[in-house]
K.L.:
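Mind looking over this structure? Questions follow.
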Amino acid sequence: MKYDFLNIEKKWQERWEKAGIFHAKDHDDRKKFYGLVEFPYPSGSGMHVGHIKAYSGLEVVSRKRRMEGYNVLFPIGFDAYGLPTENSAIKTGVHPRVLTDRNIAKFSQQLKRVGFSFDWDRVVDTTEENYYRWTQWIFLKMFENGLVFRDTALVNYCPSCKVVLSNEDSQGGKCDICHSDIVQKSKDVWYLRITAYADRLLSGLEDLDYLPNVKMQQVNWIGKSTGAFVNFSLTGVEDKLRIYTTRPDTLFGVTFMVMAPEHPVLDKYRDRIANVAELDAYRELCAKKTEFERTQMNKDKTGVRIEGLAALHPITGKEIPIYISDYVMMGYGTGAIMAVPAHDERDYAFAKKFGVDIVEVIKGGDIEKEAYAGDGEMVNSDFLNGYTNKKDSIARMIEELEKMGVGEAGVQFKMKDWAFNRQRYWGEPIPIVHCPCCGMVAVPYEELPLRLPPVENFAPGEGGESPLAKIDSFVNCKCPKCGGDAKRETDTMPQWAGSSWYFLRYIDPLNSDCLADPEKLKYWLPVDWYNGGMEHVTRHLIYSRFWHKFLYDLGVVPTEEPYAKRTAQGLILGPDGQKMSKSRGNVVDPNDVVDAFGADTLRVYILFMGEYGSAAPWSESSMRGCKRFLDRVAGLADKAKGTGVTAALETAFHRTVKKVSLDIEEMKFNTAIAAMMTLLNDIDAAGAITVDELKTLVRLLCPFAPHIAEEIWESVGEKGFCSLAPWPTYDEAKTVSATVEVAVQINGKVKSVVAMPKGADKDTALALAKADEKMAALLDGKTVVKEIVVPDKIVNIVVR
RNA sequence: GCGGGUGUGGCGGAAUGGCAGACGCGCUAGAUUCAGGUUCUAGUGGGGGCAACUUCGUGGAGGUUCAAGUCCUCUCACCCGCACCA
């Protein structure tokens with residue numbers, strides 16, 4: 001067969017579409033499989049081959065599932081709200097709606113040319129009214145349930161994008177969108193109370209089949225710690241100084257306290273403090289630093305002692321000095337700590353610098369030299385003396401604190417509430433009205449969607465306010481509650497909003513009564529397998545788990561967790577080994593590859609490059625090898641003759657069917673393809689192949705290279721689609737040939753290879769090994785010390 | 001600093017403790033072709049040998065084992081995540 005890939009691919013893509021064979025059925029007796037890939041952000045520059053890799057993994061799995069008889073839902077959509085499109089609109093003057101439609105059209109065309117088996121009837125676009133209406137609906141439900149709040153706080157602000165960013169979006173002190181330095185700014189912002197779900201987001205991970213490092217990153221991000229809150233009395237005032245510690249059992253080692261510079265106690269008792277001016281100067285200095293500068297490690301400890309205000313030890317009653325220092329953060333715990341310099345590195349450094357006492361309470365280290373954070377016997381600790389187990393001493397101390405009424409056990413999370421707004425145009429409007437009498441009032445559900453108004457100028461205001469703020473007809477409205485004059489919220493939701501629930505909408509994309517039909521949700525959920533990038537693990541993945549749990553609590557979705565299994569693909573690097581990017585000019589456009597080599601070659605190559613989860617550089621010459629492989633397979637169509645089994649190939653076929661079947665499940669696509677290449681080499685060596693055998697090979701190949709598979713399938717007289725043909729089966733017993741080549745060693749070094757019948761027992765194997773000409777000569781005159789036989793694998797004779 | 005991961009030919013990468021380097025690229029030689037970024041055949045880890053063969057070899061050093069890329073101890077390098085988290 002001539003491998004005219006351009007025509008073949010066009011032909012089959014049209015036939016698939018016409019026959020609608022990739023549409024999922026909503027009510028069906030077959031077992032269901034819901035495979036999900038992270039939907040793309042439709043940028044102006046189109047897709048690059050990295051997108052193709054991200055979808056190719058589950059494309060193969062989904063295609064295999066269909067052939068195995070599953071009812072498969074494998075959808076695609078577009079996460080289209082966001083800054084890049086808006087920035088491009090500002091630059092070009094073209095409306096983001098127009099740009100988005102244009103970009104979606106381009107992305108769709110690219111995806112279709114690759115022949116992905118997506119269900120194109122279920123495409124969702126997060127910027128469509130019918131979609132964002134339900135994003136707003138979920139927001140209002142959260143508002144109703146107390147999970148939305150507004151707060152004036154120091155926030156991460158990107159001066160370049162002019163938006164407030166969540167912690168997740170400003171990791172490392174850089175803006176995730178433009179990589180500028182983040183500054184801290186006091187602003188009124190919307191928050192989603194994700195911390196209310198912190199414990200469940202953590203415990204829910206246990207039973208999920210997520211990649212270990214995905215789980216680990218989420219655990220780390222949630223950052224649960226257990227310990228205790230302790231209230232220290234202050235000299236001469238009513239208020240207590242509340243602190244959080246993970247080691248309450250070191251309470252007798254406390255020699256000073258530290259508060260964050262922003263701690264409110266300072267403002268409250270200004271008149272009692274002798275050195276207010278000095279403290280103010282220090283606080284001002286800290287305020288100027290970015291969060292990033294403040295959290296630089298190995299930095300010299302700085303701080304100022306508060307004169308005129310001290311803490312009292314809750315057990316001994318001893319007076320303890322208080323300092324302010326920027327090594328304590330207002331945002332974690334209570335913003336104040338008890339310092340135990342003997343057993344905490346940071347406290348130790350501070351104590352050394354400021355000449356504070358260091359009292360050892362755990363034996364085992366040398367506190368003259370450094371802080372000791374290890375385990376050991378408790379000393380200088382009253383009722384804790386003699387304890388050697390950390391767990392016991394902590395429990396005892398908490399018991400005492402609770403008895404005395406000065407503290408209690410508690411947990412803390414590193415995770416913070418989710419800053420949930422952008423002062424930008426291209427996002428879902430937040431459906432809230434500010435009324436002078438009623439305060440914040442929800443837009444009534446029946447008024448959803450709250451549409452984005454038409455705007456002339458998309459640029460954010462100089463003060464960082466949303467472009468919507470300039471539109472009087474949008475801003476001015478009546479309060480839904482009292483009917484009085486009110487003003488609409490003008491912030492929009494962050495990009496992560498729409499993507500937090502899109503997998504639910506695929507299940508019922510056109511529903512106008514609810515976000516998705518409960519019966520359909522019951523049938524399709526949970527997502528059986530979700531694949532995406534590692535960069536979304538501490539954002540999208542955790543956000544969407546939060547939303548899903550909330551919807552579960554509302555009774556909207558039937559499962560507590562959205563995704564049963566989560567894997568991740570590795571990057572495709574440019575030919576230069578660098579990350580693909582427009583600025584480096586090393587981006588590979590899938591359309592160019594499809595034109596020159598065909599979609600099947602592109603698909604096979606992307607999965608053959610290396611381990612699916614690892615990064616690998618693009619190599620056009622390597623890809624040519626995959627094209628050669630498909631050329632050779634195409635050539636078999638003319639060679640195949642007769643039916644039944646070719647004796648020389650039987651084992652090879654069974655072995656390959658097994659290998660490919662198992663490898664796909666483990667995403668070991670590279671070795672699955674290698675196994676098919678090996679089989680092809682075996683077929684060439686055998687010099688013959690039957691039509692039956694060719695059909696087996698073609699079905700194995702179909703998930704990877706479906707167009708050529710269909711073409712060959714048709715050429716051997718099959719009437720239906722290869723894409724729907726049954727997946728080949730294998731017989732375990734026939735995966736090993738009747739005669740096996742067994743390596744024969746002397747003292748662990750291979751000296752010969754001997755053919756033996758499969759499953760030969762120890763005596764037979766030894767006899768055969770010793771009968772071998774080479775072995776006989778080598779063994780002559782030697783004393784045999786030990787003989788080891790692993791059936792079908794190895795014979796090792798130890799001699800002296 | 002803490003946590004996780006990775007080190008194998010010229011390159012991408014294979015190897016349930018059992019013949020290291022599957023498969024592919026590249027390279028070498030030969031054939032086919034007017035030509036070729038074509039196709040086919042053979043070879044291809046290093047050293048030694050005409051050869052059968054021999055020896056060394058999975059970042060480094062030890063160890064366990066009949067047998068180690070794989071298990072254990074130490075160590076080096078690189079990558080990723082979190083990072084003054086109390």
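First the proteins, then the strands, lettered A, B, ... as listed; each starts at 1.
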K.L.:
Nearest to the A:Arg346 side chain among B:G13, B:C84, B:C23, which nucleotide is it?
P.N.:
B:C84

K.L.:
Sequence neighbours left out, what passes ring pair (Phe, Tyr, Trp, His ring centres under 6.0 Å) with A:His263? Give chain and number order.
P.N.:
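Listed in chain order: nothing, the list is empty.
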
K.L.:
Applying the Watson-Crick and G-U wobble criteria at under 3.5 Å, what pairs with B:A61? Answer none if nothing qualifies.
P.N.:
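Check on B:A61: paired to B:U73, both distances under 3.5 Å.
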
K.L.:
With no hydrogens and no angle check, do the side chains of A:Asn681 and A:Thr678 hold a donor and an acceptor under 3.5 Å apart?
P.N.:
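No, no side-chain donor-acceptor pair sits under 3.5 Å.
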
K.L.:
Write down the distance separating the C1' atoms in B:G60 and B:C78, rounded off to the nearest Å.
P.N.:
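Per the computed distance, 15 Å lies between those C1' atoms.
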
K.L.:
Partner of B:C50 by Watson-Crick or G-U wobble geometry, both contacts under 3.5 Å, or none?
P.N.:
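In the structure as shown, B:C50 has no Watson-Crick or wobble partner.
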
K.L.:
A:Asp682 has an atom CG; how far is it from atom C1' of B:C23, in whole Å?
P.N.:
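These atoms are roughly 12 Å apart.
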
K.L.:
Report yes or no: is there a donor-acceptor pair, N or O only, under 3.5 Å between the side chain of A:Arg624 and the base of B:G37?
P.N.:
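Yes, a donor-acceptor pair under 3.5 Å.
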
K.L.:
Side chain of A:Thr671 only, heavy atoms from C-beta on: which candidate in B:U54, B:A14, B:U39 is closest?
P.N.:
B:A14

K.L.:
Report yes or no: is there a donor-acceptor pair, N or O only, under 3.5 Å between the side chain of A:Gln217 and the base of B:G3?
P.N.:
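Absent.
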
K.L.:
Taking only the side-chain heavy atoms of A:Ala674 (C-beta and beyond), determine which of B:A22, B:C66, B:C19 contains the nearest atom.
P.N.:
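Between B:A22, B:C66, B:C19, the one nearest the side chain of A:Ala674 would be B:A22.
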
K.L.:
With rounding to the closest Å, how many angstrom separate the C1' atoms on B:U38 and B:U33?
P.N.:
8 Å

K.L.:
A:Glu345 has an atom CD; how far is it from atom P of B:A83, in whole Å?
P.N.:
18 Å

K.L.:
Would a line drawn from the ring center of A:Phe350 to the ring center of A:Phe256 be shorter than 6.0 Å?
P.N.:
yes

K.L.:
Assign A:Val790 to base, sugar-phosphate, or nothing according to its heavy-atom contacts below 4.0 angstrom with the strands shown.
P.N.:
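Result for A:Val790 = base.
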
K.L.:
In sequence, state the C-alpha distance, the side-chain angles, and the governing distance for A:Glu262 and A:Arg283, and then conclude on salt bridge (Lys or Arg N to Asp or Glu O under 4.0 Å).
P.N.:
CA-CA 7 Å; A:Glu262 304 87 2; A:Arg283 294 173 79 181; over 6 Å; no

K.L.:
Does A:Glu741 reach a base, just sugar-phosphate, or nothing at all? Heavy atoms under 4.0 Å.
P.N.:
base

K.L.:
Is the phosphate of B:A86, meaning OP1 or OP2, less than 4.0 Å from a side-chain N or O of A:Tyr332?
P.N.:
yes

K.L.:
If we call it a pair only when both distances are under 3.5 Å in a Watson-Crick or G-U wobble match, what pairs with B:G81?
P.N.:
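WC or wobble partner is B:C2.
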
K.L.:
Hey, are A:Glu38 and A:His540 close enough side-chain-wise for a donor-acceptor pair under 3.5 Å?
P.N.:
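No donor-acceptor contact under 3.5 Å links the two side chains.
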
K.L.:
Rounded to whole angstrom units, what separation is found between the CD atom of A:Glu620 and the C1' atom of B:G24?
P.N.:
16 Å

K.L.:
For residues 328-336 of chain A, tabulate all N or O donor-acceptor pairs below 3.5 Å that involve a side-chain atom, not counting sequence neighbours.
P.N.:
from, atom 1, to, atom 2, distance (Å)
A:Tyr332, OH, A:Ser225, OG, 3.3
A:Thr334, OG1, A:Arg242, O, 2.6
A:Thr334, OG1, A:Ala336, N, 3.4
A:Thr334, OG1, A:Ala336, O, 3.3

K.L.:
Roughly how many Å apart are B:G57 and B:G3, using the P atom of each and rounding to a whole number?
P.N.:
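That atom pair is separated by 34 Å.
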
K.L.:
Scan A:Ala339 against the nucleic acid and name what it touches under 4.0 Å (heavy atoms): base, sugar-phosphate only, or nothing.
P.N.:
nothing

K.L.:
To the nearest angstrom, how far is A:Lys793 atom NZ from B:G18 atom P?
P.N.:
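The answer, rounded to whole Å, is 7 Å.
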
K.L.:
Using purine N1 to pyrimidine N3 plus N6-O4 or O6-N4 for Watson-Crick, or N1-O2 and O6-N3 for G-U wobble, both under 3.5 Å, which nucleotide pairs with B:U39?
P.N.:
B:A31

K.L.:
Tell me: CG of A:Leu680 to P of B:A22, nearest whole Å?
P.N.:
17 Å

K.L.:
Categorize A:Lys668 for me: base, sugar-phosphate, or nothing, with a 4.0 angstrom heavy-atom threshold over every strand shown.
P.N.:
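If one applies the 4.0 Å heavy-atom cut-off, A:Lys668 turns out to touch the sugar-phosphate alone, with no base involved.
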
K.L.:
With a 4.0 Å cutoff (strictly under), does any side-chain N or O of A:Asn681 reach OP1 or OP2 of B:G24?
P.N.:
yes

K.L.:
For B:G18 and B:G13, measure between their P atoms and round to the nearest Å.
P.N.:
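One P to the other, the span is 23 Å.
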
K.L.:
Between A:Lys414 (NZ) and B:G81 (P), how many Å, whole number?
P.N.:
15 Å

K.L.:
Charged N to carboxylate O under 4.0 angstrom, A:Lys770 versus A:Glu787?
P.N.:
yes

K.L.:
Given the P atoms of B:A67 and B:C76, what is the spacing between them in whole Å?
P.N.:
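Here B:A67 and B:C76 have their P atoms 29 Å from each other.
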
K.L.:
What is the distance, rounded to the nearest whole Å, between atom CD1 of A:Ile673 and atom C1' of B:C23?
P.N.:
10 Å

K.L.:
Quick one: ring pair (Phe, Tyr, Trp, His ring centres under 6.0 Å) partners of A:Tyr210, sequence neighbours excluded?
P.N.:
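Here no residue qualifies.
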
K.L.:
Mind checking who B:G9 pairs with, Watson-Crick or G-U wobble, both distances under 3.5 Å?
P.N.:
none

K.L.:
Does a side-chain N or O of A:Asn796 approach OP1 or OP2 of B:G18 to a distance below 4.0 Å, or not?
P.N.:
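So the side chain of A:Asn796 is outside the cut-off, no N or O lying under 4.0 Å from OP1 or OP2 of B:G18.
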
K.L.:
Which atom pairs, one a donor and one an acceptor, fall under 3.5 Å between side chains of residues 213-224 of chain A and the rest of the protein, sequence neighbours left out?
P.N.:
from, atom 1, to, atom 2, distance (Å)
A:Lys215, NZ, A:Leu205, O, 3.1
A:Lys215, NZ, A:Glu206, O, 3.2
A:Lys215, NZ, A:Leu208, O, 2.8
A:Gln218, OE1, A:Arg545, NH1, 2.7
A:Gln218, NE2, A:Val537, O, 3.0
A:Trp221, NE1, A:Glu168, OE2, 3.2
A:Lys224, NZ, A:Asp199, OD1, 2.8

K.L.:
Can you identify which nucleotide, out of B:A22, B:G18, B:A86, has its nearest atom closest to the A:Thr245 side chain?
P.N.:
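When the side chain of A:Thr245 is considered, B:A86 is the closest of B:A22, B:G18, B:A86.
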
K.L.:
Looking only at atom C1', what distance separates B:G24 and B:G9, rounded to whole Å?
P.N.:
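It works out to 14 Å between them.
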
K.L.:
Give the nucleotide from the list B:A22, B:C66, B:G12 with an atom nearest to the side chain of A:Phe608.
P.N.:
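The listed nucleotide nearest to A:Phe608's side chain is B:G12.
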
K.L.:
Using atom C1' in both nucleotides, what's the gap between B:U54 and B:G63 to the nearest angstrom?
P.N.:
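Rounded to whole Å, the distance is 28 Å.
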
K.L.:
RNA chain B: A:Met623 or A:Val753, which has the more 5' nearest nucleotide?
P.N.:
A:Val753

K.L.:
Who is the Watson-Crick or G-U wobble partner of B:U44, with both distances under 3.5 Å?
P.N.:
B:G26

K.L.:
Restricting to nitrogen or oxygen on both sides, can you table the protein-nucleotides 43-52 of chain B pairs closer than 3.5 Å?
P.N.:
none

K.L.:
Select from A:Ser622 and A:Ser614 the residue whose nearest nucleotide in RNA chain B is closer to the 5' end of that strand.
P.N.:
A:Ser614

K.L.:
Could you tell me how far B:C85 sits from B:G5 if I compare only their C1' atoms? Round to whole Å.
P.N.:
24 Å

K.L.:
Ignoring hydrogens and geometry, is there a side-chain-to-backbone donor-acceptor pair from A:Thr735 to A:Glu732 under 3.5 Å?
P.N.:
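Such a contact is found between A:Thr735 side chain and A:Glu732 backbone.
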
K.L.:
Out of B:G18, B:C23, B:G81, which has the shortest distance to the side chain of A:Asn220?
P.N.:
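It is B:G81.
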
K.L.:
Whole-Å distance between B:C80 P and A:Asn213 CG?
P.N.:
14 Å

K.L.:
Tell me every residue that passes ring pair (Phe, Tyr, Trp, His ring centres under 6.0 Å) with A:Phe669, counting only those two or more places apart in sequence or in another chain.
P.N.:
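A:Phe669 satisfies ring pair (Phe, Tyr, Trp, His ring centres under 6.0 Å) with A:Tyr612 only.
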
K.L.:
Can you check B:G9 for me, syn or anti if syn means within 90° of 0?
P.N.:
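In terms of base orientation relative to the sugar, B:G9 is syn.
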
K.L.:
In terms of side-chain heavy atoms of A:Ser621, which of B:G26, B:G13, B:G24 is nearest?
P.N.:
B:G26

K.L.:
Which is true for A:Asp631 with a 4.0 Å heavy-atom rule: it touches a base, it touches only sugar-phosphate, or it touches nothing?
P.N.:
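A:Asp631: no heavy atom of the nucleic acid under 4.0 Å.
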
